[in-house]
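Below you'll find the structure, written out as structure tokens, and then a few comments.
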Amino acid sequence: MSANAPRTGARRLRAARETLRENLRSDHAVRERNASAWLLPNDGTRFDQRAIRDMRRHAPEDEVDLVIVGCGAGGATLAQRMARAGWSVVCLEAGPFWNPDTDWVSDEAGSHKLYWTEPRVISGADPVPMGSNNSGRGVGGSMVHFAGYVPRLHPSDFATHTRDGVGADWPLAYEDLRPHYERIEHELPVAGQYWPWGDPHPYPYAPHPVGGNGEIFLRGAAASGIEARVGPVAITNGRFGNRPHCIYRGFCLQGCKVNAKASPLITHVPDALAHGAEIRADCMATRVDIDPRGHLATGVHYRHEGREYFQRARTVAVAGYSMETPRLLLNSANERFPHGLCNDHDLVGRYLMVQGAPQTAGRFREEIRMYKAPPPEVSSEEFYETDPAKPYRRGFSVQTVSPLPITWAEHVTAQGHWGEDLRTYMRDYVHWATLGALCELLPQADNRVTLAAEKDRHGLPVAEFAYTQCDNDRALIKAATHVMEDILRAAGAQEVMTINRYAHLVGGCRMAADETTGVVDRDLRTFAVPNLLITDGSVLPTQGSANPALTIMALVDRAAGELAAGARSGPRAPHDRREAR
């Protein structure tokens, strides 16, 4: 043994102890502002059902400080922040209040209920399928079944028009969001290696161990001269409050059975309930009302168990995401806004974006078992920024993905394999590794949500989403596919196959400097109705090549701080709120 070994071991031990102390300090700071992880049960169950039974309940005729439509990434974060600030809050959620102990199942088909499956109409030259990878329902929203990947946007994303001549500039800068990114990363919490791209930064927790899929990516990236890193994922690496370490069971997209993966249901809802927020599940918002002068929102109409109700509020926030938020505003047309609420400039529903998300799989001699790890365990943002040498603007990221057998069968059948050939590929499942790209498709005015002639079970016109790619979009998707195929071949793949698909939804009520170019301002207030906010991904002017969940939560954290500081419309001054309760 080397004489330096004891000293090296001592240094490692001291470093480990310092990391532990730093994590404890960080956990204490998180608990002071959001104790959700410590409010979860510690008895083997996954959610304290007493918190639901005992939550504060308002009568519909009560005028609350804030009513929120939607309890996903944006709505749940806002509810928790404002309840902590002493506001009376009612959150209306169209789906159920999920119980992780009974509702999360290790079964792809059995998890279909987690998706928004109400009717929608799709059109355009490149129609976007709706469902599992871009819509959610129930308390927690689509983050209940998201993969857990939570990268930040890059500083360049906030000024793509100025920098690259495409897209749009945001009315705020990356620096405005940096502290809010950091706060949310500690609350989820996020695990990953030091991140060298965009604004280089560390993550609160060390990266997870790498599984077979990640090893393939790292091997192929190294052989191709591409930098790749482990993380960032909102999945606990070590105990966090009463949330346990990830057990790598491979069903992140079906609702995390052990509460290791973050979703608003476990990261923000418990604290919101503890501070007096009311969450009304199975309540479908049908219309936002405004006062007779058309100046202020007065509340939200909604349906529950076949009956119509109206919740009065001094402030209204819509967080239904990029399909349902524009749809609700368009369905809220009135005498003052005949073409839809806040739609004076025909911007509601426009500039809706999806990310191009092709997936490329490679077959290897050894068993990979790609599902035995967080799906997005290794990633690269090497191709994120505009490359002047390329014929397209902006870029894409690459990450591991882990399609389970039903989704894997869709990959195989997309290549034309059927019958015995399909069965052969299915039996070979454990030998395949899969990479996925996120391509920054550009905002275009005619990619939009309008109201269709078809109506849903509530009698409301459903959303029609028209989508067509531009030449830049097609070039990006093609380039990303080539890169993924090259990485897998460099890693030793014997065969590769690619399937084209989309992921995520953002835009539709975008943020801008003024009402002629956007629906909301930098604080997420609508220009037309100052006490009406939009607090979801529909406000993003551009999408980058990053999954949107973290940015949505950071934007809402920032907006909530403005509200809590007293920047709101309404007849009462901020200091009157607690007295009124």
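Index from 1, following the sequence.
A donor-acceptor pair under 3.5 Å is absent between the side-chain atoms of Asp65 and the main chain of Trp87, judged by distance alone. Of the possible donor and acceptor atoms, one in the side chain of Asn343 sits under 3.5 Å from a partner among the backbone N and O of His339. Judged by distance alone, with hydrogens and angles left aside, the side-chain atoms of Thr77 form no donor-acceptor pair with the main-chain N or O of Gly74 at under 3.5 Å. A distance-only check finds no donor-acceptor pair linking the side chain of Ser379 to the backbone of Val398 [under 3.5 Å]. At distances below 3.5 Å, not a single donor-acceptor pair connects side-chain atoms of Asp164 with backbone N or O atoms of Val166. A donor-acceptor contact shorter than 3.5 Å is absent between the side chain of His112 and the backbone of Glu108. Side chain of Glu454 to backbone of Val121: no donor-acceptor contact under 3.5 angstrom is found. Checking side-chain atoms of Thr325 against main-chain N and O of Gly320 turns up a donor-acceptor pair under 3.5 Å. Between the side chain of Ser397 and the main chain of Ser380, no donor-acceptor pair closer than 3.5 Å is present. Of the possible donor and acceptor atoms, none in the side chain of Thr360 sits under 3.5 Å from a partner among the backbone N and O of Met484.
The two residues Asp291 and Thr298 come nearest to each other via the heavy atoms N-CG2, 3.6 Å. In plain terms, the two heavy atoms of Trp170 and Pro541 that are nearest each other are CE2-CD, 3.3 Å. Closest of all the heavy-atom pairs between Met323 and Ala463 is CE-CB, 3.9 Å. Scanning all heavy atoms of the two residues, the minimum distance from Pro326 to Tyr321 falls at CD-O, 3.7 Å. The minimum heavy-atom distance between Lys261 and Cys252, with the atom names listed, is NZ-O, 2.7 Å. Nearest approach of Ala546 to Leu153, heavy atoms of both residues: CB-CD2, 4.0 Å.
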*Applying side-chain contact (heavy atoms from CB on, under 4.5 Å), run through His186 and Ile184 and close with a yes or a no.*
CA-CA 5 Å; His186 281 84; Ile184 297 297; over 6 Å; no

*Take Thr535 and Ile552, measure what side-chain contact (heavy atoms from CB on, under 4.5 Å) needs, and give me the verdict at the end.*
CA-CA 8 Å; Thr535 55; Ile552 293 168; over 6 Å; no

*Output, in order, the C-alpha distance, side-chain angles, deciding distance and verdict of side-chain contact (heavy atoms from CB on, under 4.5 Å) for Asn547 and Phe146.*
CA-CA 10 Å; Asn547 307 53; Phe146 89 140; 5.9 Å; no

*Could you go through the side-chain contact (heavy atoms from CB on, under 4.5 Å) check for Val144 and Trp98 one step at a time?*
CA-CA 9 Å; Val144 163; Trp98 298 117; 4.3 Å; yes

*asked:* side chain to side chain donor-acceptor pair (under 3.5 Å), that's the test. Do Gln355 and Ser545 meet it? Break it down for me.
replied: CA-CA 7 Å; Gln355 287 169 326; Ser545 300; 5.9 Å; no

*asked:* salt bridge (Lys or Arg N to Asp or Glu O under 4.0 Å), that's the test. Do Arg393 and Asp473 meet it? Break it down for me.
replied: CA-CA 9 Å; Arg393 304 294 89 186; Asp473 297 341; over 6 Å; no

*asked:* Could you go through Tyr384 and His154, starting from their C-alpha distance and side-chain angles, then the distance that decides it, and tell me whether this counts as ring pair (Phe, Tyr, Trp, His ring centres under 6.0 Å)?
replied: CA-CA 9 Å; Tyr384 193 108; His154 287 202; 3.5 Å; yes

_Check against side chain to side chain donor-acceptor pair (under 3.5 Å), Arg350 and Gln444_ = CA-CA 8 Å; Arg350 289 194 183 272; Gln444 301 178 76; over 6 Å; no

*Chi angles and distances behind the salt bridge (Lys or Arg N to Asp or Glu O under 4.0 Å) call for Asp557, Arg81*: CA-CA 7 Å; Asp557 181 55; Arg81 295 303 201 244; 2.7 Å; yes

*Could you give me the CA-CA distance, side-chain angles and deciding distance for Ser156 and Tyr174, then say whether side chain to side chain donor-acceptor pair (under 3.5 Å) is met?*
CA-CA 8 Å; Ser156 66; Tyr174 172 86; over 6 Å; no

*Apply the test side chain to side chain donor-acceptor pair (under 3.5 Å) to residues Asp169 and Thr162: give CA-CA distance (whole Å), side-chain angles for both, the deciding distance (0.1 Å), then the verdict.*
CA-CA 7 Å; Asp169 291 350; Thr162 296; 2.4 Å; yes

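Side-chain contact between Glu381 and Pro151 is present, with at least one heavy-atom pair separated by less than 4.5 Å. Thr407 has its side chain within reach of Glu410: a pair of non-hydrogen atoms, C-beta onward, lies under 4.5 Å apart. No side-chain heavy atom of Glu93 sits under 4.5 Å from any side-chain heavy atom of Val69. Here the side chains of Val316 and Asn531 are not in contact, with every heavy-atom distance at 4.5 Å or above.
Considering OG1 of Thr160 and CG of Leu442, their distance stands at 7.5 Å, rounded to 0.5 Å. Between the CZ atom in Phe465 and the CG atom in Asn447 there is a gap of 6.0 Å [rounded to 0.5 Å]. Between Met353 atom CE and Leu441 atom CG the span is 9.5 Å, to the nearest 0.5 Å. The line from OG of Ser322 to CD1 of Ile534 is 10.0 Å long, rounded to the nearest 0.5 Å. Considering NE2 of His482 and OG1 of Thr498, their distance stands at 9.5 Å, rounded to 0.5 Å. Of the inter-residue distances, the one linking Met284 atom CE with Leu460 atom CG reads 6.0 Å to the nearest 0.5 angstrom.
A salt bridge links Arg394 and Glu385; the closest N-O separation between the charged side-chain nitrogens and carboxylate oxygens is under 4.0 Å. With respect to Arg314 and Glu63, a salt bridge is recorded, a charged nitrogen being found less than 4.0 Å from a carboxylate O. A salt bridge links Asp346 with Arg448: the distance from a Lys NZ or Arg NE/NH1/NH2 to an Asp or Glu carboxylate oxygen falls below 4.0 Å. Under 4.0 Å is where a charged nitrogen must lie from a carboxylate oxygen, and between Arg287 and Asp289 at least one such pair does. Taking a cutoff of 4.0 Å between a charged side-chain nitrogen and a carboxylate oxygen, Arg183 and Glu185 do not qualify as a salt bridge. Classification of Arg178 and Asp199 as a salt-bridged pair holds, one side-chain N sitting under 4.0 Å from a carboxylate O. The pair Asp456-Arg327 meets the salt-bridge criterion, with a side-chain N (NZ, NE, NH1 or NH2) lying under 4.0 Å from an Asp/Glu carboxylate O. The existence of a salt bridge linking Arg457 and Glu118 is confirmed by a sub-4.0 Å separation between a basic side-chain nitrogen and an acidic carboxylate oxygen.
For Thr286 and Glu308, the side-chain atoms include at least one donor-acceptor pair closer than 3.5 Å. Between the side chains of His411 and Gln359, at least one donor N or O sits under 3.5 Å from an acceptor N or O. With hydrogens and angles left out, the side-chain atoms of Gln311 and His58 include no donor and acceptor closer than 3.5 Å.
By the 6.0 Å contact criterion, CG on Asp514 is enclosed, its count of non-hydrogen atoms from other residues, nucleotides or ligands being greater than 12. Environment of CD in Glu335: sparse, with no more than 12 heavy atoms of neighbouring residues, nucleotides or ligands closer than 6.0 Å. Residue Lys113 places its NZ atom among more than 12 non-hydrogen atoms of other residues, nucleotides or ligands, all under 6.0 Å distant.
For the ring-ring contact (aromatic ring centres under 6.0 Å, His included) condition, the pairs that include at least one residue of residues 297-316, sequence neighbours left out, are His301-Phe310, Tyr302-Tyr309.
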